[in-house]
Structure formats: C-alpha cells, structure tokens
Amino acid sequence: MDPQLSSLHDDVLAWFAEHRRDLPWRGRDGGRPDPWAVMVSEFMLQQTPVARVLPVFEAWMEVWPAAADLAAATTGDAVRAWGRLGYPRRALRLHAAATAIVHQHAGRVPDTYEALLELPGVGDYTAAAIASFAYGRRMLVLDTNVRRVFSRVVRGQQYPPRSVTSEERRLGQELMPVEGADVWAAATMELGALVCTARAPRCDACPIVDRCAWRAAGYPQGEQPKGQTWHGTDRQVRGRLLAVLRESPEPVLKGALDAVWDDAGQRDRCLAGLLDDGLVELVADDVFALPGHDEGR
DNA sequence: AAACCGTGGGA
DNA sequence: TTCCCAAGGTT
C-alpha cells in the first residue's frame, strides 16, 4: 500500500483510539455492538446531534430492546417516545422498518447493504453505517462529517458539494483501508464531529493538520450552503401541532390545536398533512390524538 | 432534482 | 438576538 496513505490511516486511527467517545450504541471492549441498537441510533442521529439523542436512545432501548418489541407497539407510542428529536416521521419509519424486520427477516436486522436499503427510512448512508458498524462489512460510509474532512484534507475546500458526487465516492473508496474499514469509518466521522467541525475547526488538535490541503491553501472560505427558512413554514406549524398531541396523554379537541397558529388555512392544511402522514389520527369529530390511541396492545 | 421534513444548543 | 447546523431520507 501507498506508504503515505498508510501513515494517514495510522495517524487518524491513533487519534481515534485516544479520543473515541464511549457512546452506548458502540460495542464494548472491541466486541460488535447490538445491530438493533446501531439501527435505532442511526435513525435518531439523522440530522440530530449526539447530545440530544443520548437520553432518548437510552429510554427507547429500555422499552424496545429488540425490533420485535417496537413492532408490537403502536406508531403513536413510537412518536411520543421520539420526543423532541425532530423529524418525527423518522419514528414512523423506524417502526415500519422494525415491522419489516419481524416479518421479512425473522426479527434480525439485515446484514447486507442491499437488504438494509430496502427498509423504510434507510438510505445510502444508514445502510452503509449499519452494515459497517454492526456487522464489520467493508462499506464506504459517507456522512456529512466524513465528506467535510475529505473535502478539506484532500480537495482543499471548506465544504463538500451539496450532494454526494461520484468524485467523492471514488476518493472515499481510494482512501478506505482493506482491513478495518469499519474503524476507519468511525474514526473519520469522529474526527469530523470533534475536531474538523463545520463552524470552528480545532486544527490545533488535528492529527493530520500537516497534510491538510485546506490549511495549506490558507483556509479559503467556501460558499455557505444557503440555510433553510423556518419562521412561518409548514414545518413550524406541524411541529407545534404535534407537540400538543405528544404532550397530552389524552386526545385533544381541535380548539387546543387551533390555539397554536393564527392562520387557519395554513393550520388546517398542516393538520391534514399530519393525518395524511400517519402522525396524527382523528379519534372522533374534532378530536385528535397520536395514532393508535385506543388500540390497546 | 430541488424542496420538504423539527428541534434546540452554541457561536 | 439571530443565524447556523446536526451520523439524511423521501418525493
């Protein structure tokens, strides 16, 4: 192997060995983690910071320690347990994935990228991550952290392209070690999360700062990806509506939902959208709840 | 393929 | 205070 590449691996892996966080979905003392725990964590971590996932993950695994346990619950229970993680459709998709695992995979989380990709809510990143972290398969795991690290170190640019390019895949494959690709994936992700951060990178703590093309180029400022609007959007309204239902143990009257937003047209459209998505259920005339409220179990 | 889908902590 | 953005996926 290219000796320069080999020393890059060594430096990143040595840094990881020292600074690796002991997260509950990671395996203990070198052993493989529980695939279901990996899967739950990956769903929760989609666009949500580790610190906010931690307590919800612990509670979730306590209640539903296996896919079959979640599949036996109602989707409403899943949405409520999801709490304030955001993007609650992920809770529905995780529930649907658990159901598919029970019915089509005998309750075991699939161990191939292809089978994982078939599950609801599992895209390229999540399929590769589960196959890698839970089963040790040699997969290219390209998350936002890895893409940022590679963009800076190799391309010399502050930010990666908006969406994954074939060039990034080619580079990622090239850099991926033959052995221990799973540890390499975790290490490069961790480096991006803890050191090579988006906002204020801690280059003084970086194990490969001397090889960084972005640093060598004098930290040229890339174009900021344009932020998403928030105030006044349907997402904000949906969030408020669902918060009311999530925090109420009992179904609520429409009046309680009407109170969260002035614009009645937008409010009703959002409520209809939530019903359509399966995040909310109509219990009776003008009475709403999270789905499965009266199903029992 | 661009737009949509939540939330809250830190800079 | 405002803005950024965090282990993406779906349509």
Side-chain angles (χ1 to χ4, degrees), chain A residues 20-21 23-26 33 37-57 79 82-94 96-97 116-134 139-149 158-165 182 184-194 196-202 221-247 260-261 266 269-270 273-274 276-280:
Chain A
R20 172 187 188 276
R21 289 171 294 180
L23 301 170
W25 46 84
R26 287 180 167 165
V38 173
M39 181 165 163
V40 170
S41 74
E42 292 303 341
F43 270 72
M44 291 183 172
L45 288 164
Q46 289 168 2
Q47 300 285 282
T48 304
V50 168
R52 210 175 324 152
V53 164
L54 282 170
V56 180
F57 172 84
V79 171
W82 198 255
R84 301 173 160 278
L85 287 183
Y87 293 145
R89 293 196 285 198
R90 291 182 292 165
L92 295 182
R93 292 177 184 146
L94 181 53
L116 286 161
L117 202 54
E118 294 294 314
L119 298 173
V122 177
D124 173 69
Y125 161 75
T126 303
I130 296 172
S132 177
F133 301 146
M139 305 296 305
L140 177 57
V141 183
L142 274 187
D143 82 320
T144 186
N145 291 304
V146 175
R147 296 182 61 219
R148 187 175 55 248
V149 170
Q158 187 177 21
Y159 300 118
R162 304 213 190 296
S163 56
V164 177
T165 63
D182 53 337
W184 170 251
T188 48
M189 284 175 67
E190 196 82 329
L191 186 61
L194 299 182
C196 195
T197 55
R199 198 82 65 86
R202 302 174 45 214
Q221 296 301 295
E223 208 150 320
Q224 304 283 89
K226 63 175 169 195
Q228 305 170 343
T229 56
W230 170 250
H231 290 287
T233 62
D234 285 3
R235 267 155 77 209
Q236 183 179 19
V237 180
R238 287 166 56 104
R240 288 192 184 180
L241 290 170
L242 205 56
V244 171
L245 296 165
R246 201 169 51 221
E247 283 145 32
V260 306
W261 199 258
Q266 184 179 21
R269 184 180 70 242
C270 288
L274 289 169
D276 193 54
D277 289 344
L279 282 164
V280 175

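Computed from a prediction, not measured in an experiment: that's the story for all the values here. Letters A, B, ... are given to chains in the order of the sequence lines, protein chains preceding strands, and every chain is numbered from 1. Computed over heavy atoms, backbone and side chain alike; hydrogens, waters and symmetry mates excluded.
Residue Asp124(A) is classed as a sugar-phosphate contact, given heavy-atom separations below 4.0 Å to backbone atoms only. Ser163(A) comes within 4.0 angstrom of nothing in the nucleic acid, heavy atoms only. Nucleic acid contact for Leu85(A): base, since at least one base atom lies under 4.0 Å from a heavy atom of the residue.
Glu118(A) meets the side chain to side chain contact (heavy atoms under 4.5 Å, CB included) test with no other residue; sequence neighbours excluded. Applying the salt bridge (charged side-chain N to carboxylate O under 4.0 Å, His left out) rule to Asp124(A) yields the partners Arg169(A); only residues at least two apart in sequence or on another chain are considered. Shown here are the side chain to side chain donor-acceptor pair (under 3.5 Å) partners of Gln236(A), two or more places apart in sequence or in another chain: there are none. Every side chain to side chain contact (heavy atoms under 4.5 Å, CB included) that Thr48(A) has, sequence neighbours left out, goes to Arg52(A), Val53(A), Leu85(A), Arg90(A).
Atom pair Arg90(A):CZ and dC4(B):P shows a separation of 19 Å (rounding to whole Å applied). Rounded to an integer number of Å, the gap from OH of Tyr125(A) to C1' of dT10(C) is 18 Å.
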Can you tabulate the close N/O pairs, meaning under 3.5 Å, that link protein atoms to atoms of nucleotides 9-11 of chain B?
from    : atom 1 : to        : atom 2 : distance (Å)
dA11(B) : O4'    : Arg199(A) : NH1    : 3.3

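Contacts between residues 229-241 of chain A and DNA chain B, defined by a heavy-atom separation below 4.0 Å, involve Trp230(A), Asp234(A), Arg235(A), Arg238(A), Gly239(A), listed by number.
For Gln46(A) and dG8(C), the shortest distance from a side-chain N or O to OP1 or OP2 is not below 4.0 Å. Considering only side-chain N and O atoms, Arg246(A) lies under 4.0 angstrom from the phosphate OP1 or OP2 of dT7(B).
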